[in-house]
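Values reported hereafter were calculated over all heavy atoms of this structure, with side chains retained and with hydrogens, waters and symmetry mates removed. In what follows, chains carry the letters A, B, and so on, assigned in the order in which the sequence lines appear, proteins first and then strands, with residues in each chain numbered from 1.
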Amino acid sequence: MTMEENKYTAADYKSDQYVRWCPGCGDHAVLNVLHKAMAELGVAPHNTAVISGIGCSSRLPYYMNTYGFHTIHGRGGAVATGFKVANPAMTVWQVAGDGDGLAIGGNHFIHEVRRNVDVNLLMLNNKIYGLTKGQYSPTSDRGFVSKSSPYGTTEDPFIPAELVFGARGTFFARSIDVELKISQEVMVAAARHKGCSVVEILQNCMIFNNGIHNFITDRETRADRTIHLVHGEKMLFGKEMNRGIVQDGFGLKAVTLGEDGYTIDDVLVHDAHCESNFLHQQLAMMDGHELPLAVGVIRDVESLTYDEEVAKQVDDVRAKKNIKCLRDLVLSGETWTVE
Amino acid sequence: MLEKTNVKVLDRVVVRFSGDSGDGMQLAGNIFSNVSAGVGNQISTFPDYPAEVRAPQGTLSGVSGFQVHIGKGVYTPGDKADVLVSMNPAALKQNVKFLKDGGVAIVDIDSFKKADLDKALYTTDEPYKEIGLKGEVVEVPMTTMVKAALADSGLDNKSVMKCKNMFALGLVCWLFDRPLESALHLLHNKFAKKPAIYEANAKVMRAGYDYGHNIHASVSTYRIESDAIRPGVYTDVNGNTATAWGLILASEKSGLPLFLGSYPITPATDILHELAKRKDLGVKACQMEDEIAGVCSAIGASFAGNLAVTSTSGPGLALKSEGIGLAVMAELPLVIIDVQRGGPSTGLPTKTEQTDLRQALYGRNGESPLAVVAAASPTDCFNMAFEAARIAIEHMTPVILLTDGFIANGSSAWRIPDDDEYPAIKPNFVRPEMLENGWRPYMRNEATEVRYWAVPGTPGFQHRLGGLEKDYCTSAISTDPANHERMVAARQHKIDMIAGDIPEVEVMGDADADTLLIGWGGTYGHLYSAVEELNAAGRRVAFAHFRYICPLPANTSDVISRYKNVVVAELNNGQFADYLQAKHPMVHIKRINKVQGQPFLVQEIVDGVTKIMEG
C-alpha cells in the first residue's frame, strides 16, 4: 500500500450511482466515512476493490468508484479470498451484514478470519434482515419478536467478536454508525493492519428495527455506556472521563476514580498489540450494562497472511526447481520415443 | 483430433501378494482367486515360495509371493501385476520387477521404518525411487489398523500380526468388487476348528474392506491404447493429471496466472493434488472450506484477472450452482471441471457414469446458458481442459468440462505435443482508447457478443459487477422488462456464437453407412472399438463422437439427418439423446443406455447396435 497524502479526496471514491438506501439508514453514514477513510489512506481507486454478498449493506460497492463486485448471499468472503490471492497488489474491502456474514456466510467468515486473508471486512450489524423485510438475524437477542419469530426467538445470538476470537482473528474493531470520527479511525486502522481486519459497526435500520442499539447510542447515556479504546491509553470513559476499567480477579470491573480507593494508577492501559487475546475478548464482550461497550481498535496484532504466504511459497518453490514450463515438467518424467 | 484408440485389458487383472513367508500370502492369494472363480472369472495362479523354509523375517531371502490372474480368457498367471501388495520393504524390492508400469503398489507403511529398510539392504531413504518403482504407491498403515481392530481380542501380539494378510485381502476385495461374504466363507472353512482365530481374521478382513471403502480406494483396470502411434516422445498420463496439465498449458498460452479453488471429492481430488504440486509453474491452488468457497474463490480470482478454475464431482457441482450462475451473470471466464461419478446424491463415489449432463446444461436458476465440453479419453482430458479454458477466456463465460471416473483414473500413452500445436489464447481485454469512447463494463463486441475484460488495477476502468440484471447500454442495475429480455438474449447469443469457434464433429467408420452411432465424453474408446467390430462384421455403421456439447458443432444437424438409424449410446438414461432429440424433432433417435456405475463393454454396444439394425 502506498500512502500519498491528499492525492485523493473522498469524492474520488464516490460513484455516480444514486444511493438507494432508506432515508436515515445507518448505511449512509458508513458509506460517507468509508469514502473519507479511503481518501485518508490514499490508495488509488483503481487499486481498490470492494466486494460484498447480498443484503442492504451489500449494495455498497455500487456506490464506490473503485473496482467492485456485488456477489451472492454469504459468499463475499470466499470471493474476496480468491480475489486477494489472485491479485495481492489490490487493497480489498469486504462489506457484509449480520445475516450475510454470520448466517448464510458464517462458514466463509470464520475461515477467512482463520486464514488471515488481507481483507478489510466491514460488518454492519443491525440485528435484523432488512432486505427481506424484517426477520430476526443471528445477532438478534433471545426472545426477539419479528415477522419470522412472532412469539420471540428461542435461540441465543452470535456475538461477532466471539467468532473472530474463536477463529484466532488478528484484528477486531468496533464502531457505531453515528460515531463518524471513530468509524473513520477504525477503518483506517483496519486497512493499515496486514491480515483479516474485522470491523463491526452497530448500525440502525430505521424501518424494521429502529432503535435496536438505543441503549448504547442514546446521546444522554452514551458516554457512560461506551468506552473508546485507544492503544497505549488508559481505559477511561464517562462524561467527566472519571470512570475507568480495572482488573478484578479474573475479570474486569468499571470503577469511579476517587471512589473505593481507586486511582488512575489502577486503570488498565489498552494494549491492542498483545499476542494473547484473553483481555481483548473480555473487552469485546462488554455490552454497556455492567461494563461499557468497547469501540475503537480492540485487537490489532501482526501475523502471517494467507495471500502473502501463498505467493511466497510459489516464489520459494520456483527458485528451487528447474522446471520453467509445462514441457519441462512433462519431459522430466518417464518418457519414451516412437520413431 | 481424436486418435484411433482401442480399449484393452478390460476384463483381466493380475494381483500379486508378497510378504514374509510367515505372512500368509499364499492363503490371501488363494482365497482371492477362489472368490474370483466364484463370481465367474477364469483364474490362473502362481505361488512363488522362497527357497528357505523360514528365512529371517524381513530379509530378501524370506520373501514369499502369490500371483493371481483373473478374468476372461485367462490361460497363464499373467506376466506382470496390475496390483502388487507388499507387506514389507524386502517383499517390495523382490517383487517390483513384477509390477506393470503404471500399476499400483499397496504397502504396509508401518513396516517401512529405518530398521526394516536396513534389513532389506536399502541404501537410501527413498525406497521407491531406489528400486525404480514405476507406478502409484498406496501407503496403508496396516499394522496399526490390525492392532487397533484386535485391541480387545485378547490375542497375543504374534497372533494379531498373523492376521495382517487378511487386512490386505479385504482391501483387495474392495478394489475389485469381490463379495466379502464369499471370502469369509472360505476363511471359515479354513479355521472351522479355531473359532477365535476365525473371528479375529474375519474382523481384520472386514477392516481392510472398510478401509478401502473409507478412503475411496480405486484402481483402474482399464487401459486405452493407441492403435496408430504417431512418432514422437510419449509419456503415460491419467485423465486427472492430463486435465491439470491442459489447464497449465492454457495458462501459458493466455499469459494469465492459473488459480484453482477446490474442495476434495472423489474422483476429482487428483486434479487438486496435481495443481497443488505445480507451484513450480506458478499455479495457486487453494483448498477452500467447501465446494461453494471453491467456486466463489475462483470467481474472485477471475474478476482479479486470473485463469480461474474449480474442480469437483457431481454433488459438488450441485453446491456450486449458484456461484456458476453468478459467473454467467457477471460474464467472467471460469472453468468448472466435473469428474462424473455414479449418482444421485452420494451415489457410487468410485464408479463411473455420464449422469451429470443435464445438471451441467440446465442446473441453475433463471435462463443461464454456458458452454459445456466433454473429454473422450484420458489423453483427451488435456485437449478439452485447454479448450474449456480457451472458450472461457475468449468468450467471457463459464465453461463446464465433463470427464468421468473411468477416464480420470484410467491412463494412456500420450504423445507430448510440440509448443506450436496449440493456439495462443487471446483474452478480450479492454484497450485504453475505449475510455474516451464511453466504455461500459457490459459493452460487447458486436459480432461475438463478448464483453470486454477490465482487470482490476487498470487505471480508469473501475467498474462494479454483480448478480443483479444490468442495463444493456449503461451497465447500471436495471429491472426494465424489455432490457431483461434483451440481456437474456444477448447472453444466449454469446454462447450460440461459440459454435463458429469450435471444430465440426467428425464422422468415422463406414462411409456408406445407414446407421450412425453417436457417443459423447468418456465412452469413446469402447464405442470406437465396437464400430470397428461392427464394420469388420459387415455392418454399415458410422460413428460420431461429441466433445463439444453446448453449443453443438455447426454441422451437427447435417450429420444426423443423413442416416436411417441414429443411435445414441451413453452411460445414463438418455440425457444426450433427449438433448439431441429436442433440437431435431424430425429425427427418431434410438438409444443404448447403461447405468451400472461401470463402463460399457464393447460387446454390449455391438449387440445393441445390431439389434437396432435388425429392427
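Between chain B and the residues Arg115(A), Arg114(A), Glu334(A), Arg75(A), the most heavy-atom pairs under 4.5 angstrom are made by Arg115(A). Contact count versus chain A (heavy atoms, under 4.5 Å) is highest, among Thr235(B), Leu465(B), Asp418(B), for Leu465(B). Among Ile299(B), Val237(B), Leu326(B), the residue making the largest number of heavy-atom pairs under 4.5 Å with chain A is Leu326(B). Annotation: maximal heavy-atom pairing with chain B below 4.5 Å, among Ala49(A), Gly333(A), Cys325(A), occurs at Cys325(A). Of the residues considered (Gln313(A), Arg318(A), Met64(A)), Arg318(A) shows the highest number of contacts with chain B, using heavy-atom pairs under 4.5 Å. Most heavy-atom pairs under 4.5 Å with chain B, from the set Asp16(A), Asn87(A), Ile72(A): that is Ile72(A).
Across all their heavy atoms, Pro45(A) and Gln462(B) have their closest contact at CB-NE2, 3.3 Å. Contact detail for Val314(A) and Gly282(B): the closest heavy-atom pair is CG1-CA, 3.7 Å. When all heavy atoms of Thr458(B) and His46(A) are compared, the pair lying nearest together is O-CB, 3.5 Å. Here the closest non-hydrogen pair linking Lys284(B) and Pro88(A) is NZ-CG, 4.0 Å. Residues Trp336(A) and Asp236(B) share a closest heavy-atom pair of CZ3-N, 3.9 Å.
Contact of Pro417(B) with chain A is made through the backbone alone, with heavy-atom distances under 4.5 Å. At a 4.5 Å heavy-atom cutoff, Arg20(A) makes no contact with chain B through either its backbone or its side chain. For Asn306(B), the part lying under 4.5 angstrom from a heavy atom of chain A is the side chain only. Neither the backbone nor the side chain of Ile54(A) comes within contact range of chain B; no heavy atom of the residue lies under 4.5 Å from a heavy atom of that chain. Contacts of Lys324(A) with chain B are made by backbone atoms alone, with heavy-atom separations under 4.5 Å and no side-chain atom involved. Contact of Val283(B) with chain A is made through the backbone alone, with heavy-atom distances under 4.5 Å. Heavy atoms closer than 4.5 Å to chain A are found nowhere in Ala285(B), neither backbone nor side chain. Contact of Ala293(B) with chain A is made through backbone and side chain together, with heavy-atom distances under 4.5 Å.
Residues His108(A) and Asp290(B) have side chains in contact (heavy-atom distance under 4.5 Å, counting atoms from C-beta outward). Proximity of Tyr67(A) to Val455(B): side-chain heavy atoms (C-beta onward) are nowhere separated by under 4.5 Å. Using a 4.5 Å heavy-atom threshold, the side chains of Val85(A) and Ser297(B) count as separate. By the 4.5 Å heavy-atom criterion applied to side chains, Ile477(B) and Arg59(A) are counted as neighbours.
Ring planes of Phe69(A) and Phe303(B): tilted class, angle from 30 to 60°.
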Determine all donor-acceptor pairs shorter than 3.5 Å in which one atom belongs to a side chain in residues 247-263 of chain B; sequence neighbours excluded.
from, atom 1, to, atom 2, distance (Å)
Ser251(B), OG, Leu256(B), O, 2.7
Glu252(B), OE2, Leu326(A), N, 2.7
Lys253(B), NZ, Asp419(B), O, 2.6
Lys253(B), NZ, Tyr422(B), O, 3.2
Ser254(B), OG, Ala250(B), O, 2.8
Ser254(B), OG, Ser251(B), O, 3.3
Ser254(B), OG, Leu256(B), N, 3.2
Ser262(B), OG, Ser311(B), O, 3.2
Ser262(B), OG, Ser311(B), OG, 2.9

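Within the 3.5 Å criterion, the main-chain N or O of Thr66(A) finds a donor-acceptor partner in the side chain of Arg464(B).
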